Amino acid sequence: MKPESFSLRPATLEDLDAVVKIENQVHAAPWTEEHFRAELTKPYSQFLVFTDDESDSIIAGYLVFWVMFDECQILNLATSLNYRGLGLAKQMIQKVVSIALKKGIKKVVLDVRKSNSPAIQLYQRVKFSITHIRKGFYSNGEDAYQMTLNLEGEILPDL
Ligand SMILES: CC(C)(COP(=O)(O)OP(=O)(O)OC[C@H]1O[C@@H](n2cnc3c(N)ncnc32)[C@H](O)[C@@H]1OP(=O)(O)O)[C@@H](O)C(=O)NCCC(=O)NCCS
């Protein structure tokens, strides 16, 4: 299936089984179903899934981000193994950026494991920079990079 045959929409409770299945395949310390469920109830949280336009039942990726004050924070973002390398993660970030710009938000931030080079390369590709190192941020003692995309003065950056 082509990447343009997929669209982002808000997640629902019915999506959780499929999301958790992907989450367990792709993350070293996966979120639980309860974790995702909680995000559906937070007024400042947006939980989106990338599904196929034909059946709306294949989940190719998902993201969770918070819109708080003058900042957007990406908490979780993943592409299913079968749909990697098609530009879906890039499109998910573009969605966050377009929502942030509409709300007049000045920056998008996230934390990423120092060892997660595909994700670091993804974020650098869409113009995030490493702004802090958080020593021992993860439960296994691994450091995090805080990465930031500054939107001040941007209309819609060409990511
Ligand atoms: C990181 C991840 C989200 C990328 O998803 P994806 O949909 O395959 O990424 P895209 O196709 O949109 O790639 C966009 C850019 O990211 C970078 N990238 C993606 N995968 C990469 C890899 N395996 N190695 C190096 N760079 C990579 C490239 O710069 C790519 O741009 P290019 O195609 O022009 O070279 C995916 O590998 C994933 O789900 N990983 C596990 C979960 C995770 O680590 N999430 C981030 C936590 S902070």
Side-chain angles (χ1 to χ4, degrees), residues 1-11 15-36 38-39 42 44-53 56-68 71-100 105 107-151 154 156-159:
M1 221 175 283
K2 291 182 183 154
E4 58 267 28
S5 323
F6 285 82
S7 308
L8 281 164
R9 65 157 170 81
D15 299 318
L16 292 186
D17 281 353
V19 167
V20 171
K21 202 168 163 193
I22 298 168
E23 177 79 3
N24 284 324
Q25 291 169 346
V26 304
H27 276 300
W31 283 16
T32 62
E33 183 178 327
E34 289 67 39
H35 207 148
F36 284 105
E39 295 304 317
K42 295 176 184 166
Y44 49 84
S45 182
Q46 296 208 32
F47 175 9
L48 306 179
V49 286
F50 228 133
T51 63
D52 69 300
D53 293 336
D56 191 30
S57 64
I58 301 170
I59 295 183
Y62 52 87
L63 76 160
V64 176
F65 61 99
W66 289 354
V67 181
M68 291 182 105
E71 190 172 292
C72 241
Q73 183 179 1
I74 299 176
L75 288 105
N76 197 335
L77 181 148
T79 300
S80 168
L81 294 172
N82 296 335
Y83 297 94
R84 296 270 171 97
L86 299 175
L88 296 186
K90 202 173 145 183
Q91 285 185 56
M92 289 193 269
I93 295 167
Q94 274 165 335
K95 181 74 176 178
V96 176
V97 169
S98 73
I99 290 171
I105 281 166
K107 62 179 179 175
V108 183
V109 297
L110 58 90
D111 293 300
V112 58
R113 283 176 192 271
K114 210 172 161 181
S115 65
N116 192 349
S117 62
I120 293 164
Q121 287 188 55
L122 161 72
Y123 297 127
Q124 285 175 331
R125 174 86 169 79
V126 295
K127 301 182 181 160
F128 280 76
S129 312
I130 295 171
T131 39
H132 291 289
I133 298 176
R134 298 185 197 271
K135 288 277 170 203
F137 183 76
Y138 294 102
S139 54
N140 67 349
E142 186 173 352
D143 297 346
Y145 285 142
Q146 186 189 63
M147 298 188 74
T148 303
L149 176 66
N150 196 338
L151 295 175
E154 293 280 1
L156 188 57
D158 179 21
L159 299 180

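The first residue of the sequence shown is numbered 1, and numbering continues consecutively from there. These numbers come from a predicted model, not from an experiment. All ligand and atom numbering here is 1-based and tracks the order in the structure. These numbers come from the heavy atoms of this one structure, side chains and all, not from hydrogens, waters or symmetry mates.
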Numbered in order shown, the ligand 1 atoms found under 4.0 Å of a heavy atom of Leu86 are 11 (O)

**Prompt:** Backbone or side chain, does any N or O of Tyr83 fall under 3.5 Å from an N or O of ligand 1?
**Reply:** no

Any side-chain heavy-atom pair of Val108 and Phe65 under 4.5 Å: no

Backbone N or O of Ile58 within a donor-acceptor pair of the Asp52 side chain at under 3.5 Å? yes

Any donor-acceptor pair under 3.5 Å from Thr131 side chain to Gln146 backbone: yes

re atom 32 (P) of ligand 1, the protein heavy-atom contact at minimum distance is Arg125 NE, 3.7 Å

| query | Glu142 side chain to Lys114 main-chain N or O, any donor-acceptor pair under 3.5 Å? | reply | yes

Next on the checklist: Looking at atom 38 (C) of ligand 1, tell me if a protein heavy atom falls under 4.0 Å from it.
Outcome noted: yes

Quick note on ligand 1: atoms under 4.0 Å from a heavy atom of Gly87 include exactly 10 (P), 11 (O), 12 (O)

re atom 20 (N) of ligand 1, the protein heavy-atom contact at minimum distance is Pro118 CB, 4.2 Å

(request) Evaluate the criterion side chain to side chain contact (heavy atoms under 4.5 Å, CB included) for residue pair Leu149 and Val96; output intermediate values, then yes/no. (result) CA-CA 11 Å; Leu149 176 66; Val96 176; over 6 Å; no

task = Describe, in one word, how the ring planes of Phe36 and Tyr62 are oriented to each other, choosing from parallel (under 30°), tilted (30 to 60°) and perpendicular (over 60°).
result = perpendicular

- Message: Would you say atom 8 (O) of ligand 1 makes contact with the protein, given that contact here means a non-hydrogen protein atom less than 4.0 Å away?
- Response: yes

among protein heavy atoms, the one nearest atom 1 (C) of ligand 1 is Ala119 CA, 3.8 Å

Handout entry: Any N or O of Leu110 closer than 3.5 Å to N or O of ligand 1
Key = no

Exercise for the section: Could you please spell out the steps behind the side chain to side chain contact (heavy atoms under 4.5 Å, CB included) verdict for Leu48 and Met92? Expected result: CA-CA 9 Å; Leu48 306 179; Met92 289 193 269; over 6 Å; no

- Task: Specify whether the nearest protein heavy atom to atom 28 (C) of ligand 1 is under 4.0 angstrom away.
- Result: no

With no hydrogens and no angle check, just 3.5 Å: does a side-chain donor-acceptor pair link Trp66 and Glu39?
yes

Ligand 1 to Tyr123, heavy atom cutoff 4.0 Å, flagged ligand atoms 46 (C), 48 (S)

The option among Arg113, His27, Met147, Glu23 carrying the non-hydrogen atom nearest to atom 47 (C) of ligand 1 is His27

Q.
Is it the case that the side chains of Asn76 and His35 hold a donor-acceptor pair, with the cut-off being a distance below 3.5 Å and no angle test?
A. no

If you scan protein heavy atoms around atom 14 (C) of ligand 1, the nearest is Leu122 CD1, 3.5 Å

In ligand 1, the atoms that come under 4.0 Å of a heavy atom of Ala78 are 39 (O)

Lys90 heavy atoms within 4.0 Å reach ligand 1 at atoms 12 (O)

If you scan protein heavy atoms around atom 36 (C) of ligand 1, the nearest is Arg84 NE, 3.4 Å

Numbered in order shown, the ligand 1 atoms found under 4.0 Å of a heavy atom of Gln121 are 25 (C), 26 (N), 29 (O)

Checking heavy atoms under 4.0 Å, the part of Asn116 that sits near ligand 1 is side chain

Gly85 heavy atoms within 4.0 Å reach ligand 1 at atoms 6 (P), 8 (O), 11 (O)

closest protein heavy atom to atom 46 (C) of ligand 1 is Leu77 O, 3.5 Å

Q | Test log, rule ring pair (Phe, Tyr, Trp, His ring centres under 6.0 Å), inputs Phe50 and Tyr83 | A | CA-CA 11 Å; Phe50 228 133; Tyr83 297 94; 9.6 Å; no

Looking only at heavy atoms, the pair that brings Ile93 and Phe128 closest together is CG2-CE1, 3.9 Å

*After noting the C-alpha distance and the side-chain angles of Glu23 and Glu33, does the key distance pass the side chain to side chain contact (heavy atoms under 4.5 Å, CB included) rule?*
CA-CA 10 Å; Glu23 177 79 3; Glu33 183 178 327; over 6 Å; no

Ala89 heavy atoms within 4.0 Å reach ligand 1 at atoms 3 (C), 4 (C), 5 (O), 6 (P), 7 (O), 9 (O), 12 (O)

Just checking Lys21: does its NZ atom have more than 12 heavy atoms from other residues, nucleotides or ligands closer to it than 6.0 angstrom?
no

